[in-house]
Amino acid sequence: MHRPTTEAELAGMIAGAQEPLHVIGGATRGVGAGGAPLSTVALSGITLYEPGAMTLVAQAGTPVAEIEAVLARENQRLAFEPMDHRALLGRTGTPTIGGVMAANVSGPRRISVGAARDFLLGVRYVDGMGQAVKNGGRVMKNVTGYDLVKLMAGSFGTLGVLSEISMKVLPCPETEATLILHGLDDLPAITALARALGSPFEVTGAAHDPAAGQTALRIEGFSSSVDYRIGALKSLLSAPVMTVLDADASAAHWAMVRDVTPFAQEAGDVWRVSCKPSQGPALAARSGALGVLYDWAGGLIWLRMARGGDLRSALGSYDGHATLVRGDSFARFEPESAGVARLTSGLRKRFDPRRIFNPGVMG
């Protein structure tokens, strides 16, 4: 396995590569690709942190836990709360910030603060020819005009190998609480989540667990404000039973939602479906899934299917896409339309003309 310790060493390895490279960070997501493994885990360390400016710069292999610990000492956090895939996928390893950004891993708070890519301020990476590129600094002529940050976030290592990222961070709230609506079926639950998100009460988490019969709404902020908004949501919504989770229980609940813990010990393939929230219950119903978990007020559905089940055929046509997260019977990513495929191919030719990065991933 290639394990460069500096960006210059990384560039040299890529420039001299005679075979495809399987780019990985902490190896926690199991994104399959052919080629010789190239790990960024030795490119580690926080190189700049300015709490007052709420900015942090770190090498790509820096563990997420290390960054979170440093931020916590200043009462700050990664507001997009990246998922930890290890339990769901049965993997070991250490999640890295480069891996998070390369996969654009965003948790339940995405509905209120945005995705991981929205927190990126800049990137350094090495392209397929072994050239180091810095966003906002020296930019290669053949990629001038592209928003490099947005392109690299969510590209799964197919356009270049991240060596360093800079991002904004946010303060931690004073407290949080979660209102649980008990006993709602899927359609009324999604309707309740939509109504809560449309209210002025600044909901930062909206999820529904059909198996547990729990519909959850998170509120964060100053203690008095949280209490007021929880009370207001109780008056706004209706359910057979309502309960409130305090700060510790609330944090544990959203960690469960974030990491899809209910599926971790259950057999079967796991799919991640992005869709219009209003379409969620109908899609889940026709999926034939063994288990369902809604996040993002129904805009994200986690489905546990019988192994080898063809979810995409079962869902048919809808506004969204399905990604296979656990399983190997189908292509991980949704097949691209002809127009998108042409754009993707064009980008890869410019960033990685030798096509050595993660062959077989994302087309």
Side-chain angles (χ1 to χ4, degrees), residues 1-47 57-69 82-105 116 120 123-134 148 151-165 259 270 323-328 331-333 347-348 351-363:
M1 177 183 291
H2 301 297
R3 292 169 61 102
T5 58
T6 66
E7 184 182 79
E9 189 177 345
L10 171 65
M13 287 180 178
I14 293 172
Q18 301 299 312
E19 60 181 334
L21 297 171
H22 177 194
V23 183
I24 57 176
T28 61
R29 288 174 190 71
V31 178
L38 171 61
S39 173
T40 61
V41 293
L43 295 169
S44 184
I46 296 172
T47 55
V57 180
Q59 295 188 77
T62 309
V64 172
E66 179 181 327
I67 292 174
E68 290 177 331
M83 176 183 180
D84 185 339
H85 289 74
R86 288 176 292 184
L88 180 65
L89 302 183
R91 302 183 68 86
T92 57
T94 301
T96 64
I97 194 62
V100 164
M101 291 303 180
N104 191 33
V105 180
L120 268 178
V123 294
R124 291 184 66 94
Y125 69 93
V126 177
D127 70 9
M129 299 302 292
Q131 300 177 99
V133 182
K134 178 183 178 181
L148 302 183
L151 282 174
M152 297 304 293
S155 65
F156 285 85
T158 60
L159 301 179
V161 182
L162 289 171
S163 56
E164 185 179 78
I165 61 97
D259 298 341
V270 175
T323 303
L324 180 60
V325 176
R326 188 178 76 189
D328 55 14
R332 177 182 176 89
F333 297 99
L347 285 171
R348 294 190 73 163
F351 284 79
D352 179 21
R354 296 187 292 161
R355 296 298 294 262
I356 62 170
F357 292 144
N358 284 355
V361 173
M362 302 185 75

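The CG atom of Leu162 lies 8.0 Å from the CG atom of Leu120; values are rounded to the nearest 0.5 Å. Atom-to-atom distance recorded for Ile97:CD1 and Ile165:CD1 is 5.0 Å, nearest 0.5 angstrom. Remark: Ile14 CD1 to Met129 CE distance equals 11.5 Å, nearest 0.5 Å. In this structure, CE on Met101 lies 12.5 Å from OG on Ser155, to the nearest 0.5 angstrom. Residue Ile46 holds its CD1 atom at 5.0 Å from CD of Glu66, rounded to the nearest 0.5 Å. Taking CE of Met152 as the reference point, atom CG of Asn104 lies at 12.5 Å (rounded to 0.5 Å).
Taking the salt bridge (Lys or Arg N to Asp or Glu O under 4.0 Å) definition, one finds that Asp352 meets it with nothing, sequence neighbours left out. Qualifying side chain to side chain contact (heavy atoms under 4.5 Å, CB included) partners for Ala36, counting only residues two or more places apart in sequence or in other chains: His2, Glu19, Leu21. Judged as a side chain to side chain contact (heavy atoms under 4.5 Å, CB included), and not counting sequence neighbours, the contacts of Ala11 are Val126. Considering only residues two or more places apart in sequence or on other chains, Thr28 meets the side chain to side chain donor-acceptor pair (under 3.5 Å) condition with none of them. The side chain to side chain donor-acceptor pair (under 3.5 Å) check on Arg326 picks up nothing, with sequence neighbours excluded.
The nearest pair of heavy atoms linking Ser39 to Gly25 is OG-O, 3.5 Å. Listed here is the closest heavy atom pair of Val41 and Ser44: O-CB, 3.6 Å. Looking at every heavy atom in both residues, Thr96 comes nearest to Gly61 through CG2-O, 3.5 Å.
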Assess the residue pair Thr92 and Arg86 against the criterion (side-chain contact (heavy atoms from CB on, under 4.5 Å)); give the C-alpha distance rounded to whole Å, side-chain angles, the decisive distance to 0.1 Å, and a yes or no.
CA-CA 6 Å; Thr92 57; Arg86 288 176 292 184; 5.8 Å; no
List the steps and the verdict of side-chain contact (heavy atoms from CB on, under 4.5 Å) for Arg348 and Leu159.
CA-CA 6 Å; Arg348 294 190 73 163; Leu159 301 179; 3.8 Å; yes
Does the side-chain contact (heavy atoms from CB on, under 4.5 Å) test come out yes or no for Tyr125 and Val161, once each step is laid out?
CA-CA 5 Å; Tyr125 69 93; Val161 182; 5.9 Å; no
Using the rule given for side-chain contact (heavy atoms from CB on, under 4.5 Å), can you reason through Gln59 versus Thr47, listing the C-alpha separation, both sets of side-chain angles and the distance that settles it, and then say yes or no?
CA-CA 7 Å; Gln59 295 188 77; Thr47 55; 4.2 Å; yes
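A donor-acceptor distance shorter than 3.5 angstrom exists from the side chain of Asn358 to the backbone of Val23, with no hydrogens or angles considered. Looking at Arg354, its side chain does come within 3.5 Å of a backbone N or O of Gly128 through a donor-acceptor pair. Listed for the Thr40 side chain is no donor-acceptor partner under 3.5 Å among the backbone atoms of Leu43. Judged by distance alone, with hydrogens and angles left aside, the side-chain atoms of Thr62 form a donor-acceptor pair with the main-chain N or O of Gly45 at under 3.5 Å. Between the side chain of Arg91 and the backbone N or O of Ala27 there is at least one donor-acceptor pair closer than 3.5 Å. Formation of a donor-acceptor pair under 3.5 Å by the Asp259 side chain with backbone atoms of Ala87 is not found in this model.
Considering only heavy atoms from C-beta on, Val123 stays 4.5 Å or farther from Val133 through its side chain. Within the 4.5 Å cutoff, the side chain of Asp127 has no heavy atoms near those of the Pro353 side chain.
Listed by first and then second residue, the salt bridge (Lys or Arg N to Asp or Glu O under 4.0 Å) pairs involving residues 1-13 are Glu7-Arg124 (not counting sequence neighbours).
Under the 6.0 Å cut-off for aromatic ring centres, Phe357 and Phe351 do not qualify, their centroids lying 6.0 Å or more apart.
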